[in-house]
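Order of the sequence lines sets the chain letters (A, B, ...), proteins ahead of strands, with each chain counted from 1. The basis for the numbers below is simple: all heavy atoms, side chains too, and nothing from hydrogens, waters or symmetry mates.
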There are 2 protein chains.
Amino acid sequence: MRQTLDAFQVIADPSRRQMLHLLTKETYNISSLADNFEMSRPAVSKHIGILEAAGFITIKDVGRERFCTLSQDGFIGLRKWLTHFDDFWNKKLSNLDTILKHK
Amino acid sequence: MRQTLDAFQVIADPSRRQMLHLLTKETYNISSLADNFEMSRPAVSKHIGILEAAGFITIKDVGRERFCTLSQDGFIGLRKWLTHFDDFWNKKLSNLDTILKHK
DNA sequence: TAATTATGTAACCGTGAAGTTACGAATATA
DNA sequence: TATATTCGTAACTTCACGGTTACATAATTA
């Protein structure tokens, strides 16, 4: 596998986001997941490898099948990043609030 | 400018994330922002165009300078997307809770 | 045992994102 | 007015991402 992408690069791909979305509904193995996409099964397999490496999913091997389920790990960094900007605006709002009160 | 990238693709680039981060500290025009990066000023200019098109920043023209400030718009889609997965895990937790209570 | 199914991976290719340099235009300053 | 500053854009190059096909392998099933 190529060098691992960071969490932001991983979710930049619409197909991978679609896969994550599908996995909120039910569990899929690689082939059944691939049935939902135009692309070939090996292409889906690659995406799954990337999602797993970045901690967005975990894989359970059962016989020859590989079942995918969502994992929170990958999302943590994203949420943390967004929170930083939420803080920025909250601070801005409270500054505004202070100004208005002392007017 | 080329076709606009979606919010996820926009933040996939580490340099653009760095720019957004810098803009939580203070305001920059293109040149002063470019001083913080190895890349050329035109490269930074392109990134700024992309960030603006996707609603992550707004630009105020003052004379020959262009001042950049953060805009919430671009973040909304991201937060909404993340929320969907938060809901997924919360639901999973409450299901587990229900099971435990009726045991 | 033979055939089928589920999968990973190697080798390859096309394309677009991200960078560069070179320019011109507009604004500010000496 | 001449010079310096700020900026956008066109033209070009590079390279890695996302796709393909063609295999091999392991696990089922007939």
Which atom pairs link the protein and nucleotides 3-6 of chain C when you take only N or O atoms and keep those under 3.5 Å?
{"residue": "C:dT5", "atom": "O2", "partner": "A:Arg64", "partner atom": "NH1", "Å": "2.9"}

A:Arg16 (side chain) donor-acceptor with A:Ile11 (main chain) under 3.5 angstrom: no
Nearest-angstrom distance from the residue atom CZ of B:Arg17 to P of C:dA18: 11 Å
B:Pro42 side-chain proximity, nearest of D:dG18, C:dT21, C:dG19: C:dT21
Closest-nucleotide 5' rank along DNA chain D - winner of A:Ala43 and A:Gly63: A:Ala43
Protein-nucleotide distance (A:Gln9, atom CD; C:dG16, atom C1'), rounded to Å: 15 Å
Pair A:Lys91 + A:Asp87: basic N to acidic O under 4.0 Å: no
Side-chain donor/acceptor contact of A:Lys46 with base of D:dG19 under 3.5 Å: yes
Interatomic distance where CG belongs to A:Asp13 and C1' belongs to D:dA16 [whole Å]: 14 Å
Length of the CD1-P vector between B:Ile11 and C:dA18, whole Å: 13 Å
Spacing of A:Met19 atom CE relative to D:dG19 atom P, expressed in whole Å: 8 Å
A:Gly55 backbone acceptor or donor facing A:Ser71 side chain under 3.5 Å: yes
Result of checking A:Leu70, A:Leu20, A:Leu23, A:Ile59 against A:Leu51 for side chain to side chain contact (heavy atoms under 4.5 Å, CB included): A:Leu20
Nearest-angstrom distance from the residue atom CD of A:Glu52 to P of C:dG8: 9 Å
Interatomic distance, A:Met39 CE vs C:dT15 P [rounded to whole Å]: 17 Å
Neighbour count above 12 (heavy atom, 6.0 Å) for A:Glu26 CD: yes
Minimum heavy-atom distance between B:Tyr28 and B:Leu22, given as atom pair plus value: CE1-O, 3.5 Å
Value rounded to 0.5 Å, distance of CG in B:Leu33 from CZ in B:Arg66: 12.5 Å
Distance test, side-chain N/O of A:His47 to OP1/OP2 of D:dG19, below 4.0 Å: yes
Phosphate OP1/OP2 of D:dG19: any A:Ser40 side-chain N/O under 4.0 Å: no
Spacing of B:Leu5 atom CG relative to C:dG16 atom P, expressed in whole Å: 12 Å
